[in-house]
Novice: 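My structure is below; once you've seen it, I'll send some questions.
By convention in this document, chain letters (A, B, ...) are assigned in the order of the sequence lines, proteins followed by strands, and residues within each chain are numbered from 1. Heavy atoms only: backbone and side chains are in, while hydrogens, waters and symmetry mates are out.
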2 protein chains.
Amino acid sequence: MTGGREGIRLRRSKQREVILEELRKLKTHPRSDELYTLVRQRLPHVSLGTVYRNLDRLQGEGTAVEIYCGDFVRYDGNVSPHDHFMCRVCRRVWDFDARHGDSPGVPAESENQAGFQVESQYTMFLGLCPDCAAS
Amino acid sequence: MTGGREGIRLRRSKQREVILEELRKLKTHPRSDELYTLVRQRLPHVSLGTVYRNLDRLQGEGTAVEIYCGDFVRYDGNVSPHDHFMCRVCRRVWDFDARHGDSPGVPAESENQAGFQVESQYTMFLGLCPDCAAS
DNA sequence: TTAAGTGCAAATAGTTTGCCAGAGT
DNA sequence: ACTCTGGCAAACTATTTGCACTTAA
């Protein structure tokens, strides 16, 4: 198993490479349009559609993570399990460490609840960021 | 403090009442259009805009909770802290109990991280629901 | 050579909003 | 009466998609 779908030979592309590089550079969990602006500085002719198509593919491969923020989606190049804080005012997202030593929040024991197969999980903390709390 | 904004005298309305009743009847965390369909069975002339306006208001008052599912928002009439499971295939959402006795997932100790004020939190579990796992 | 990937623009779809009529206090 | 609230439809905006052209392999 290579992980790809049957019968489809995947190719690399400069665009996808740059998109992933720029995403990984950031700690800010950018929106698609923010990433689009950055990528365009290196590839002036990329289209927003290409950014969306590749982000969708990266997340399908497990190389990027989508963070749903209500009005839009933010992207995270850090795939390792970690949690997020979202400011209810400016809607920006930060990494947030709230895990205890004994893996809290893990589904009750080993078995899944009533046949639900948990593949991943995340905790979202909501509140005010330092900037918005100050104003 | 009544919780309302200054200078605005809030009124009750039949529409909002019915919307909240229908929302609370459900365990299914409906989308706006699903709720719209239900409410229209009791109030045939409600508009989708009214449903949105009232759901927004209910969540602003803390009477309902928005669950971001990517393409759309789901609503939950259960305001008490609890977690959710979302099926990655059908995108439906269920309540999910994964909390331990010692309040896991709470931000590190009493103080907030670097000035971030946590007001609420939730954990989302992602995976396959029994229905989609079977197919 | 061949089909995956892209650029572009138009289309989609969930949600929001302006406006005026209607209703709660 | 005063003004919050709703109905309706148009507007908005993030995202998706069709199509012809490029390009990796």
Novice: Rounding to 10 degrees, work out the angle separating the end axes of the helix from C:dT1-D:dA25 to C:dT25-D:dA1 (five pairs an end).
Specialist: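 Rounded value for the end-axis angle: 40°.
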
Novice: For D:dT5, does OP1 or OP2 lie under 4.0 Å from any side-chain N or O of B:N54?
Specialist: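 So the side-chain polar atoms of B:N54 never come under 4.0 Å of the phosphate oxygens OP1 or OP2 of D:dT5.
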
Novice: Looking at side-chain heavy atoms only, is the closest gap between A:Y122 and B:L126 below 4.5 Å?
Specialist: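 The answer is yes; the side chains approach within 4.5 Å.
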
Novice: Round to a whole Å and report the spacing from CG of A:L55 to C1' of C:dG5.
Specialist: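 Taking atom C1' of C:dG5 as the reference, CG of A:L55 is at 15 Å.
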
Novice: What pairs of residues pass the salt bridge (charged side-chain N to carboxylate O under 4.0 Å, His left out) test when at least one of them lies in residues 62-79 of chain A, not counting sequence neighbours?
Specialist: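 Of all non-adjacent pairs touching residues 62-79 of chain A, those that pass salt bridge (charged side-chain N to carboxylate O under 4.0 Å, His left out) are A:E34-A:R74.
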
Novice: Any side-chain heavy atom of A:C129 sitting closer than 4.5 Å to one from A:C90?
Specialist: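 Side-chain contact under 4.5 Å: yes.
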
Novice: Could you state the atom-to-atom distance from CD of A:E17 to C1' of D:dA24 in whole Å?
Specialist: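 Rounded to the whole Å, the gap is 12 Å.
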
Novice: Please work out which residues in residues 25-47 of chain A have a non-hydrogen atom less than 4.0 Å from an atom of DNA chain C and list them by number.
Specialist: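 Those residues whose heavy atoms fall under 4.0 Å from DNA chain C, taken from residues 25-47 of chain A in numerical order, are A:H45, A:V46, A:S47.
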
Novice: Check whether any side-chain N or O of A:Q15 sits under 4.0 Å from OP1 or OP2 of D:dT22, and answer yes or no.
Specialist: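 So the side chain of A:Q15 is outside the cut-off, no N or O lying under 4.0 Å from OP1 or OP2 of D:dT22.
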
Novice: For A:S13, what residues pass the side-chain contact (heavy atoms from CB on, under 4.5 Å) criterion, not counting sequence neighbours?
Specialist: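 A:Q15, A:R16.
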
Novice: B:T28: what forms a side-chain contact (heavy atoms from CB on, under 4.5 Å) with it, not counting sequence neighbours?
Specialist: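 Scan of B:T28 (side-chain contact (heavy atoms from CB on, under 4.5 Å), adjacent residues dropped) gives B:L26, B:P30.
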
Novice: If you assign A:Y52 and B:T50 each to the DNA chain D nucleotide with the nearest heavy atom, which residue ends up on the more 5' nucleotide?
Specialist: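 Its nucleotide being nearer the 5' end, the pick is B:T50.
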
Novice: Once side-chain contact (heavy atoms from CB on, under 4.5 Å) is applied, do any residues pair with A:K27, and if so which ones, sequence neighbours excluded?
Specialist: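 Checked A:K27 against side-chain contact (heavy atoms from CB on, under 4.5 Å); zero matches.
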
Novice: Do A:V39 and A:L55 share a hydrophobic cluster (ILVMFWY, side-chain heavy atoms under 4.5 Å, transitive)?
Specialist: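 Same hydrophobic cluster.
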
Novice: Each nucleotide in nucleotides 19-25 of chain C should get exactly one letter: B, S or -. Can you fill that in based on protein heavy atoms under 4.0 Å?
Specialist: ----BBS

Novice: Taking the six-membered ring for Trp, are B:F125 and B:F85 closer than 6.0 Å centroid to centroid?
Specialist: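 No; B:F85 has its ring centre 6.0 Å or more from that of B:F125.
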
Novice: Go through the structure and list residues passing salt bridge (Lys or Arg N to Asp or Glu O under 4.0 Å) with B:R42, not counting sequence neighbours.
Specialist: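 B:R42: salt bridge (Lys or Arg N to Asp or Glu O under 4.0 Å) contacts with B:E21, B:E22.
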
Novice: Output every pair passing ring-ring contact (aromatic ring centres under 6.0 Å, His included) with a member in residues 44-79 of chain B, not counting sequence neighbours, ordered by first then second residue.
Specialist: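 Not a single pair qualifies under ring-ring contact (aromatic ring centres under 6.0 Å, His included).
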
Novice: Can you list every pair that meets salt bridge (charged side-chain N to carboxylate O under 4.0 Å, His left out) and has a residue in residues 120-135 of chain A, with sequence neighbours left out?
Specialist: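 The answer is A:R92-A:D131.
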
Novice: Give me each pair satisfying ring-ring contact (aromatic ring centres under 6.0 Å, His included) with a member in residues 20-41 of chain B, each pair once, sequence neighbours excluded.
Specialist: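 Sorted pair list: B:H29-B:H84.
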
Novice: Using modelled atom types and a 3.5 Å cut-off, is there a donor and acceptor pairing between side-chain atoms of B:R91 and backbone atoms of B:C69?
Specialist: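 Answer holds: yes.
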
Novice: Is there a residue in residues 56-75 of chain A whose heavy atoms reach under 4.0 Å of DNA chain C, and which residues are they?
Specialist: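 Only A:R57 qualify.
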
Novice: Using whole Å, what does the distance between atom C1' of nucleotide C:dT15 and atom CG of B:L48 come to?
Specialist: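 Nearest whole value for this atom pair: 8 Å.
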
